[in-house]
Amino acid sequence: IHDYIMDSPQKITEELTYQYEQGLIPLDKAKTHILLKIDKKAEWEPILKAIFAIRDTGFEVHPIYEPEEEENSIATM
């Protein structure tokens, strides 16, 4: 798993296309799992644009949200 920080939907499309054409990701696009990490404070419009950019390249996207660790609340009990 690799993290790639992209600043626009166009950059997402370019990077996916590049990696696909270079053979860095499987030719069967169903074998590539793209996890879109969503920040708690993120606005929805950029998230939707990213999702559609990924889907427009033929890949499936799996938005994920990682909540704050519950360890902090457990440690204070």
Side-chain angles (χ1 to χ4, degrees):
I1 296 177
H2 301 283
D3 287 343
Y4 292 92
I5 298 173
M6 302 284 152
D7 59 1
S8 71
Q10 180 180 352
K11 293 288 184 188
I12 294 170
T13 301
E14 290 171 2
E15 183 65 27
L16 285 172
T17 301
Y18 171 79
Q19 289 191 28
Y20 182 76
E21 290 175 350
Q22 296 298 312
L24 301 173
I25 51 181
L27 291 177
D28 181 356
K29 292 181 178 183
K31 292 183 178 180
T32 300
H33 300 280
I34 299 174
L35 306 177
L36 179 63
K37 291 183 184 178
I38 300 174
D39 184 271
K40 183 177 182 177
K41 297 177 185 177
E43 296 179 19
W44 282 105
E45 185 176 344
I47 294 169
L48 292 173
K49 287 181 179 180
I51 290 170
F52 285 113
I54 294 165
R55 293 185 74 193
D56 286 348
T57 59
F59 294 94
E60 287 297 320
V61 60
H62 305 277
I64 59 170
Y65 169 73
E66 294 180 354
E68 294 179 23
E69 293 184 29
E70 294 182 33
E71 292 177 12
N72 293 334
S73 62
I74 293 172
T76 58
M77 294 182 145

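Residue numbers count from 1 along this sequence.
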Item to complete: With sequence neighbours excluded, tell me which residues meet side-chain hydrogen bond (donor to acceptor under 3.5 Å, both in side chains) with Glu14.
Response: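 Listed in chain order: Gln10.
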Practice prompt. Decide yes or no for Leu24 and Tyr18: does some side-chain heavy atom of the first lie under 4.5 Å from some side-chain heavy atom of the second?
Written response: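 Yes, their side chains come closer than 4.5 Å.
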Fill in: Sub-4.5 Å side-chain heavy-atom contact between Ile34 and Leu16
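When only atoms from C-beta onward are counted, Leu16 and Ile34 do touch, with a gap below 4.5 Å.
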Partners passing side chain to side chain contact (heavy atoms under 4.5 Å, CB included) against [X] (at least two apart in sequence or in another chain):
{"X": "Asp28", "value": "Ala30, Lys31"}
{"X": "Pro46", "value": "Glu43"}
{"X": "His62", "value": "His33, Leu35, Glu60"}
{"X": "Ile5", "value": "none"}

Fill in: From CZ (Phe52) to OG1 (Thr13), nearest 0.5 Å
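So the gap between those two atoms works out to 13.0 Å.
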Practice prompt. Starting at CD1 of Ile38, measure out to CD1 of Ile47 and round the result to the nearest 0.5 Å.
Written response: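 The CD1 atom of Ile47 is 4.5 Å from CD1 of Ile38, to the nearest 0.5 Å.
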Worksheet item: Under 3.5 Å, side chain of Tyr20 to main-chain N/O of Leu27, donor-acceptor pair present?
Response: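 Yes.
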Discussion item. Test: side chain to side chain donor-acceptor pair (under 3.5 Å). Region: residues 47-57. Which pairs qualify, not counting sequence neighbours?
Written reply: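 Every pair satisfying side chain to side chain donor-acceptor pair (under 3.5 Å) with a residue in residues 47-57: Glu45-Lys49.
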Worksheet item: Under a single-linkage definition using a 4.5 Å side-chain heavy-atom cutoff for Ile, Leu, Val, Met, Phe, Trp and Tyr, are Trp44 and Met6 assigned to the same hydrophobic cluster?
Response: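 Yes: a chain of side-chain contacts under 4.5 Å links Trp44 to Met6.
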Discussion item. Could you walk me through whether Lys37 and Asp3 satisfy the side-chain contact (heavy atoms from CB on, under 4.5 Å) test, starting with their C-alpha distance in whole Å, then the side-chain angles of each, then the deciding distance to 0.1 Å, before giving a yes or no?
Written reply: CA-CA 9 Å; Lys37 291 183 184 178; Asp3 287 343; 3.4 Å; yes
